[in-house]
Undergrad: 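Quick one: this structure, given as structure tokens, is what I'll be asking you about.
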There are 2 protein chains.
Amino acid sequence: MPDLLTIGELSARSGVAPSALRYYERLGLIRADRTGGNQRRYARAELRRVAFIRISQQVGVSLDEIREALDSLPEARTPSPQDWARLSASWRSRLDERIRLLTKLRDDLDGCIGCGCLSLQRCTLNNPEDTLAGEGPGARLVLPRPTDAPTPAGSLS
Amino acid sequence: MPDLLTIGELSARSGVAPSALRYYERLGLIRADRTGGNQRRYARAELRRVAFIRISQQVGVSLDEIREALDSLPEARTPSPQDWARLSASWRSRLDERIRLLTKLRDDLDGCIGCGCLSLQRCTLNNPEDTLAGEGPGARLVLPRPTDAPTPAGSLS
DNA sequence: CCTTGAGTTGAAGTGCACTTCAACTCACAC
DNA sequence: GTGTGAGTTGAAGTGCACTTCAACTCAAGG
């Protein structure tokens, strides 16, 4: 019943590089048993964890947040389908928001291309309602970083 | 007619930090004239360039590619609305693809949550064939993030 | 003039998500 | 027993997109 996987096997089946798997382990996202010779051996259940990690990344979640989510799984037993469903569902609104923003961007872009004003002005592209009218040299509220931002810019013309 | 902007003004109007504007200049994404005292003075047209940069980033384009796109603008004259429309339109398919993948991910996630299998197996979530069928250097799955899978994603269970 | 806030520079630092490297050990087929 | 490919480690490196810092200069109002 053990049926453990080596790091190479887990890598092959998950599509994630061995170096990345070791990295995930350091961050506490996955775990492995060790053989007498100190080599990692993964339970099949780790496959789901890795899959969940990759999916979460596609949703735009950081490894740190993914770790938090994974920490909420029961430690005592192997997570049930329901456990995984709960976690995955927790990203749902995030995904929706991302899709919404991207779709809005597309529509705005189409509008701009159509009217020719291109890149803002009366476009809603930037500045939905003139937030940050008078910030100082720290009017930072643009893209936070890797994620797509809910970032209104100032009036641009 | 000149009506030049200081870096602080451009920053305030674009919502981009002065340090980022200097960084963009170093990369050749924007340009500035200089006063006798060596301070930057931006033509209003630079506002559109900055806006284009931020929009492009939201689409998921790297600064390097944005630079390439901007390089295609006419140098002789101030870019026309049509010039900007052309550039923006060039990201359209990218945006569409991103939206499509994210939407597919959402649907797959819903399906998995519904059936309880969660995280792939017969799910299309970790789909091989569909997207990235055996690319070389760049088998990027979804987000144009850092390197993805060196090994082709295999069956996950 | 003087003060003060805004601007200048190059170099170094940051955060994320990994990858690469060197030096070494394991597991296993022959 | 031995060769070979797979695995181990910590430390350092990578790429991107910036930010921070120190030391200094500029621009403009009073």
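A, B, ... follow the sequence lines: proteins, then strands. Residue 1 opens every chain.
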Undergrad: Any chance you could measure A:Arg49, atom CZ, to A:Ile66, atom CD1, to the nearest 0.5 Å?
TA: 11.5 Å

Undergrad: Looking at A:Ser88 and A:Ala85, would you say the former's side chain and the latter's main chain have a donor-acceptor pair under 3.5 Å?
TA: no

Undergrad: Using only atom types and a distance under 3.5 Å, with no angle test, would you say the side chain of B:Ser11 pairs donor to acceptor with the backbone of B:Val16?
TA: yes

Undergrad: A:Arg67 and side chain to side chain contact (heavy atoms under 4.5 Å, CB included): which partner among A:Leu63, A:Leu70, A:Asp71?
TA: A:Asp71

Undergrad: I would like to know whether B:Asp96 and A:Arg106 meet salt bridge (Lys or Arg N to Asp or Glu O under 4.0 Å); could you show each step before the answer?
TA: CA-CA 8 Å; B:Asp96 283 344; A:Arg106 178 175 64 186; 2.8 Å; yes

Undergrad: Could you check which residues of residues 24-33 of chain A get a heavy atom under 4.0 Å from DNA chain D? Sort them by number, please.
TA: none

Undergrad: Just the rounded figure in Å: distance from P of D:dA6 to CD of A:Glu9.
TA: 11 Å

Undergrad: Please determine if a side-chain N or O atom of B:Arg34 lies less than 4.0 Å away from the OP1 or OP2 oxygen of C:dT9.
TA: yes

Undergrad: Counting just side-chain N and O atoms, does A:Thr6 come under 4.0 Å of either OP1 or OP2 of D:dG7?
TA: yes

Undergrad: In whole angstroms, how far is the C1' atom of D:dC21 from the CZ atom of B:Arg22?
TA: 12 Å

Undergrad: To the nearest angstrom, how far is A:Gln58 atom CD from C:dA17 atom P?
TA: 14 Å

Undergrad: Could you state the atom-to-atom distance from CZ of A:Arg67 to P of C:dC18 in whole Å?
TA: 15 Å

Undergrad: With a 4.0 Å limit, can you tell me whether B:Arg41 has a side-chain N or O closer than that to the phosphate oxygens OP1/OP2 of C:dA6?
TA: no

Undergrad: What integer distance in Å separates A:Ile7:CD1 from D:dG7:P?
TA: 7 Å

Undergrad: Taking only the side-chain heavy atoms of B:Ser19 (C-beta and beyond), determine which of D:dT19, C:dT19, D:dA17 contains the nearest atom.
TA: D:dT19

Undergrad: Are B:Arg54 and D:dC18 close enough that a side-chain N or O sits under 4.0 Å from OP1 or OP2?
TA: yes

Undergrad: Roughly how far, to the nearest 0.5 Å, is the CG atom of B:Leu102 from the OG1 atom of A:Thr103?
TA: 9.0 Å

Undergrad: Once you round it to whole Å, what is the distance between P of C:dC18 and CG of A:Asp64?
TA: 13 Å

Undergrad: Within the structure, does a side-chain N or O atom of B:Arg40 lie under 4.0 Å from either OP1 or OP2 of D:dA27?
TA: no

Undergrad: Check this for me, if you would: do B:Glu46 and B:Arg41 make a salt bridge, where the nitrogen-to-carboxylate-oxygen distance has to be below 4.0 angstrom?
TA: no

Undergrad: Can you tell me how far P of D:dG7 sits from CG of A:Leu5, to the nearest Å?
TA: 11 Å

Undergrad: Separation of A:Leu21 atom CG from C:dT20 atom C1', in whole Å?
TA: 16 Å

Undergrad: Could I get a table of every N or O pair under 3.5 Å where one atom is in the protein and the other is in nucleotides 23-26 of chain C?
TA:
residue, atom, partner, partner atom, Å
C:dC26, O4', A:Gln39, NE2, 3.4

